[in-house]
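Computed from a prediction, not measured in an experiment: that's the story for all the values here.
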Amino acid sequence: ALKCLSSFAMFAVRSLRQAARLQNAGAVVSCTSRRAMATHTGTVKFYRRQKAYGFIQVDGGSDGADNAVPSEVFVHRNSIIAKDDAHGNVFYPFLRTGERVTFEFEPVSEGEGRPVAKNVTLEDGGIVPTVRPGYASAYRKGVTKRFGERVLEILDSGEKSDEELLQLIHLYHKEGSEEIAIAEELERNNNPNYGKEKPKHKEAESEHMY
């Protein structure tokens with residue numbers, strides 16, 4: 001059990017360290033080949049980070065039969081332009097409800113559903129940040145939740161002695177503390193106001209995928 005838990009923790013730590021390396025990477029991954037598509041702006045209607053998709057309301061768009069610009073387009077995380085590291089590993093950013101973005105899309109025939117946004121950036125053309133305000137706080141909550149679930153699972157199983165349970169608790173604390181420290185450093189390096197203000201978006205407090 002200890003070996004399995006340690007392997008999980010190492011995976012989480014490696015993921016965080018990879019994210020940190022990507023902050024300094026200069027390469028950008030375009031989510032699609034650059035074709036002749038018109039550039040549009042719009043507002044993120046909603047985005048489900050855990051499911052990695054959402055919708056964008058298109059400026060000036062409508063669903064009329066004669067209007068080539070739809071009212072909404074579908075957006076997947078692969079549609080968001082992201083940074084990669086020297087090894088080609090990508091750390092995907094995410095969008096927030098109400099955020100202004102620039103994007104492209106290919107028209108679809110009637111009955112084929114919503115067009116899919118491509119090459120999504122911030123409205124000014126900037127790359128969507130991979131680390132948002134509130135990242136460390138949300139990560140801490142995720143680690144705390146995982147810690148509690150692990151301990152309860154062991155208690156319910158009744159397979160560990162009090163001494164073994166105490167050893168596992170110490171192990172979980174050590175692993176979680178290291179993960180949280182890396183997350184805090186990552187946000188501190190990318191948010192000059194870290195620790196000075198509370199997150200302004202509810203999404204910042206949602207569970208982060210790691």
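- Contact of the L122 side chain with the I127 side chain is not registered, since no non-hydrogen atoms from C-beta on lie closer than 4.5 Å.
- Counting side-chain heavy-atom gaps under 4.5 Å among Ile, Leu, Val, Met, Phe, Trp and Tyr, the cluster of F55 also holds F46, Y53, F74, V116.
- Annotation for V73 and F103: closest pair CG2-CE1, 3.8 Å, computed over non-hydrogen atoms.
- Closest of all the heavy-atom pairs between P115 and E106 is CB-O, 3.6 Å.
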- Message: Apply side-chain contact (heavy atoms from CB on, under 4.5 Å) to residues F105 and K118 and explain how you reach the verdict.
- Response: CA-CA 6 Å; F105 70 86; K118 305 289 184 181; 5.6 Å; no

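- The two residues P93 and I80 come nearest to each other via the heavy atoms CG-CG2, 3.5 Å.
- Side chain of S177 to backbone of K174: no donor-acceptor contact under 3.5 angstrom is found.
- When side chains are defined from C-beta on, E184 counts as touching R140, because their heavy atoms get closer than 4.5 Å.
- Nearest approach of R49 to F94, heavy atoms of both residues: NE-CD2, 3.3 Å.
- Scanning both residues, I56 and A117, for their nearest heavy atoms gives CD1-CB, 4.2 Å.
- For E149, the side chain to side chain contact (heavy atoms under 4.5 Å, CB included) partners two or more places apart in sequence, or in a different chain, are K145.
- With hydrogens and angles ignored, the 3.5 Å screen pairs a side-chain donor or acceptor of E187 with a backbone N or O of A136.
- Side-chain contact between E72 and K45 is present, with at least one heavy-atom pair separated by less than 4.5 Å.
- Here R77 contributes atom CZ and K51 contributes atom NZ; the two are 13.5 Å apart, rounded to the nearest 0.5 Å.
- Taking a cutoff of 4.0 Å between a charged side-chain nitrogen and a carboxylate oxygen, R146 and E179 qualify as a salt bridge.
- For T102, the side chain to side chain contact (heavy atoms under 4.5 Å, CB included) test picks out T39, T41, T121, E123, with sequence neighbours left out.
- For D162, the CG atom counts as loosely surrounded, since its 6.0 Å shell holds 12 or fewer non-hydrogen atoms of other residues, nucleotides or ligands.
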- Item | Residues F147, L152; criterion side-chain contact (heavy atoms from CB on, under 4.5 Å); working and verdict | CA-CA 9 Å; F147 178 90; L152 287 175; over 6 Å; no

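- Here the straight-line distance linking atom OH of Y139 with atom CD1 of I180 works out to 8.5 Å at 0.5 Å rounding.
- A 6.0 Å sphere centred on CZ of R114 holds more than 12 heavy atoms belonging to other residues, nucleotides or ligands.
- In this structure, E163 CD and L165 CG are separated by 11.0 Å, a value rounded to the nearest 0.5 Å.
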